[in-house]
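Working notes, beginning with the structure itself.
Reminder, nothing fancy here: chain letters follow the sequence lines and each chain counts from 1.
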Number of protein chains: 2
Amino acid sequence: MNSSRPTIVDVAARAGVSKSLVSLALRGDGGVSAATRERIVRAAAEIGYRSNALARALRQHRTMLLGVVVASLDNPYHTEVVESVERAAEPHGLSVLLAHGARKAGRMAERIDALGDLNVDGLIVVSSWAAPELLQAAARRAPVVMVGRSLEPVAGIDSVNNDDEHGAALAVDHLVAAGHERIAHLTSSTRPAGLARRAGYEAAMARHGLADRARVIERGRDEPAGPGLDAALEAGCSAIFARNDVEADDVLNHAWDRGIAVPEGLAVVGYDDSALALRARPRLTSVHQPRAEMGELAVDLLHERWAGRTTDRHEVLEPTLVIRAST
Amino acid sequence: MNSSRPTIVDVAARAGVSKSLVSLALRGDGGVSAATRERIVRAAAEIGYRSNALARALRQHRTMLLGVVVASLDNPYHTEVVESVERAAEPHGLSVLLAHGARKAGRMAERIDALGDLNVDGLIVVSSWAAPELLQAAARRAPVVMVGRSLEPVAGIDSVNNDDEHGAALAVDHLVAAGHERIAHLTSSTRPAGLARRAGYEAAMARHGLADRARVIERGRDEPAGPGLDAALEAGCSAIFARNDVEADDVLNHAWDRGIAVPEGLAVVGYDDSALALRARPRLTSVHQPRAEMGELAVDLLHERWAGRTTDRHEVLEPTLVIRAST
DNA sequence: CTGTTAGCGCTTTCAA
DNA sequence: TTGAAAGCGCTAACAG
C-alpha cells in the first residue's frame, strides 16, 4: 500500500494522459475533449485524488484564503461579525480561516503572523484594538481590513466601524426622553471604541444640560462591576448606559443580586445588540451595530484592494437603537 | 520597487552565500560557521525576509498546522474546548486553524475538506455529531480526533468525551436528594450526546423508582421551550434537568417570564458548566465537563498517532456536579 | 486538443 | 563548512 496521497501524476498515469491535461480537466479550464475529461475525472475519483492546495497556491501566488483574527470568542458580538464575514466570503470561493487572540496583544500578533505565513490573500481583524505597526507589517503581505475602531486611521489599512459617538447619543437621548437625569456610564474599556462611546455619552449628557449629573463607572477588565454600581446607585443614579451588552448584562445581574427591579428601579441600555441582549432578562435595550453590512463591507474592501485600489477607505456605519424591556 | 516578497534567494545574494546555507542557518540546523550564520541572519532581517510556510510544507510534507472544526460558536462550551486545545497545542509549535460549521452538516463537511486541502497535520472535531464517512475520509489524510460523542465508535477515529450517562445521573441524584420527584428533562437534541444524557436521566429516574414520574420535554432546535415547560409545570413538575447550559438558561428565562421563583418554584440543573452557568441568575447548578483535560487529551492522541499508533483510542472522562443557586 | 517544459520557494541529499 | 542539483505537486506558457 502506498501511504502517500495520490497526485496529479497518478491520475495522469491511470487515465493515460499527461499531467497538464489532468490539471486542465479537473479545473474545467476548457480546451479538453469531453471524452478525455470524462476519463480523467473518473480516474481521479477512482483513486480518490484530491488536489494539493499548498502546491497550487505556491504556483499561483494566491491561496483563496481569507484570514479572520478575532480578539476574543467570548463576546457574542465578535462571533456574529465573523459569521457575517463568512457569509460574504463564501460566494467568492474564499475559505475563511479563523484565529483568535484570547484578548492578549502578544497572541494577536502571533496569530496574525501565522496567517501571513500561510499567505492568506487578505486579512480581516475584528478587534477594538491592534497595534498599528502590526497591522502595517501584515499589510505588506496582503490587504488588511480592520473591523472595529482604532484610535486614529492607520495608514494603509482600511477599516469598517460604526459611529460610536452617535450610538452613545442614541442611548442617552432615549433615557433622557424617558425622564432619567442621573444616567451613569459603565465601562471597563480604555480602547478606542470604548473611549468613543464614553466621549459620546459625555457629549450627549452635556447637550442635555446634564453634564453635572454625568458619572462614569470605570472598572478593570476582570473586576466585578458591583462596587462602582453600588456607589452610583447610592448617589441616586436611575439609569446605566453600559459600554457593551456584556457589561449591560453584568448590570442586570447586579440588580438581580441586589433585588433591584429593572427597569423600575434601574434602567439599562447596552451596546452591540448581540444575542446576549435577547437572552437577558429583562431583554436589553441596546444600540444595534449593523454587523451583516459590516462583514460584507469588509470583504468588499478586500476585493477593491485586489482590484488595485491603493488609497485607504474608512467606512463608518450608523447604529440604531433597539428598545426592549430594560428601559 | 519589487512588489513580491523577498525569498531565500534574495537573502543568499545579499549575504553572498548559497541558498542552501541560508536555509540551514535560518533554521539553526547546525553545521554553519558562526560568522556566516550571523551574516545571513542580518541579511534576512535587513530585507525583511519571512519564510514561506507553503513552500516549506510542500517540501517537508508537514505543515505544523492543527485544524479545529467546531460545530458552532454560539455555545460557550465549544469555544472553551477550543481554547483548551489551543493551550495544549502551542507548546508543541502547532498553529491552530479554526473553522466552524454553523451547525450545518454540509458546511461542516466543507470546512473539514478545506482544512484537509491545506494539509493540516491533524484534525480535531468538536461536535456532538459528524458523519462517520466524513471523518474517515478526513482521517485518510491526517489523524482525526473527535471531541464529543458519536453514536458508536468510528473505526480509525480517536475520541474524547465525558460520561454523559453518569453526568445525567449526578444531576438526577442531586435533585432527588433535595426532595424532588417530578423531575423533567428538557432536550432539543437528537444527537448522541443528547441521547446519552436522556438515557442517563431515564435510567436514574428508574433507579430511584420514579420511572412513572419521568417526563421528557422535547422541542425542535429553534422552537421556544415555553409550551413544553408550561405543560410540565401544570403537571406538577418541580425540577428540570436540561440537556445543556443553554437550554437550562432557557428554562430560567421562561421561569422569569412566568414569574416563577428559582429554585423555590422550580429547580434547574444544566450540563457543561460553561461560562453561561456563572452568568445566569440564579447561578446554575451544572454538570461540569473537564474541558481542560479534554483539549489536552485530544492533542495527546494526535501525538500518539504521529508517533505511529494505529489502534483506536476512545477516552471517556468523568464529569462532576457543581452545585449553585438554581437548586 | 494534447504533451513538454519550466518553474513557484523551500529543503535535502550528495559532493566538493 | 559550503554549494550544486534535484524535486515536493501543481500551473502555465509554449509547441505540436
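In this structure, the ring of B:His303 has its center less than 6.0 angstrom from the ring center of B:His92.
For A:Arg37 against A:Gly28, the heavy-atom pair with the smallest separation is NH2-CA, 3.5 Å. The heavy-atom pair separating B:Val160 from B:Val145 by the smallest distance is CG2-CG1, 4.2 Å. The heavy-atom pair separating B:Gly122 from B:Leu66 by the smallest distance is O-CD1, 3.4 Å.
Both B:His61 and B:Leu21 lie near DNA chain D, and the one whose nearest nucleotide falls closer to the 5' end is B:Leu21.
A straight line from CZ of B:Arg50 to P of C:dG9 spans 16 Å, rounded to a whole angstrom. Regarding A:Asp117, its CG atom lies at a distance of 15 Å from the P atom of C:dG9, rounded to whole Å. Rounded to an integer number of Å, the gap from CG of A:Leu54 to C1' of C:dG9 is 12 Å. The nearest whole Å value for the distance from the CG atom in B:Leu26 to the C1' atom in C:dG9 is 13 Å. For B:Lys19 and D:dA5, the NZ to P distance is 11 Å, given to the nearest whole Å. Look at CZ on B:Arg62: it is 16 Å from P on C:dC10, rounded to the nearest Å.
Set against D:dT11, D:dA5, C:dG3, the side chain of A:Ser18 has C:dG3 as its closest nucleotide. Each of D:dA12, D:dA5, D:dT1 was ranked by its minimum atom distance to the side chain of A:Ser20; first place goes to D:dA12. Here the nucleotide nearest the side chain of A:Leu58, chosen from D:dG7, D:dG9, D:dT1, is D:dG9. Which of C:dT11, D:dG9, C:dT4 sits closest to the side chain of B:Gln60 comes down to C:dT11. Here the nucleotide nearest the side chain of B:Val32, chosen from C:dC1, C:dT11, D:dT2, is D:dT2. The side chain of B:Arg59 lies closest to C:dT11 when the candidates are C:dT11, C:dG9, D:dA12.
Residue A:Thr36 places at least one side-chain N or O under 4.0 Å from the OP1 or OP2 atom of C:dT2. Dashed line: the shortest gap from a side-chain N or O of B:Arg27 to OP1 or OP2 of C:dT12 is under 4.0 Å. Put simply, B:Ser23 has no side-chain N or O that comes within less than 4.0 Å of OP1 or OP2 on C:dC10.
Applying the side chain to side chain contact (heavy atoms under 4.5 Å, CB included) criterion to B:Leu134, with sequence neighbours excluded, gives B:Ala109, B:Ile112, B:Ala131.
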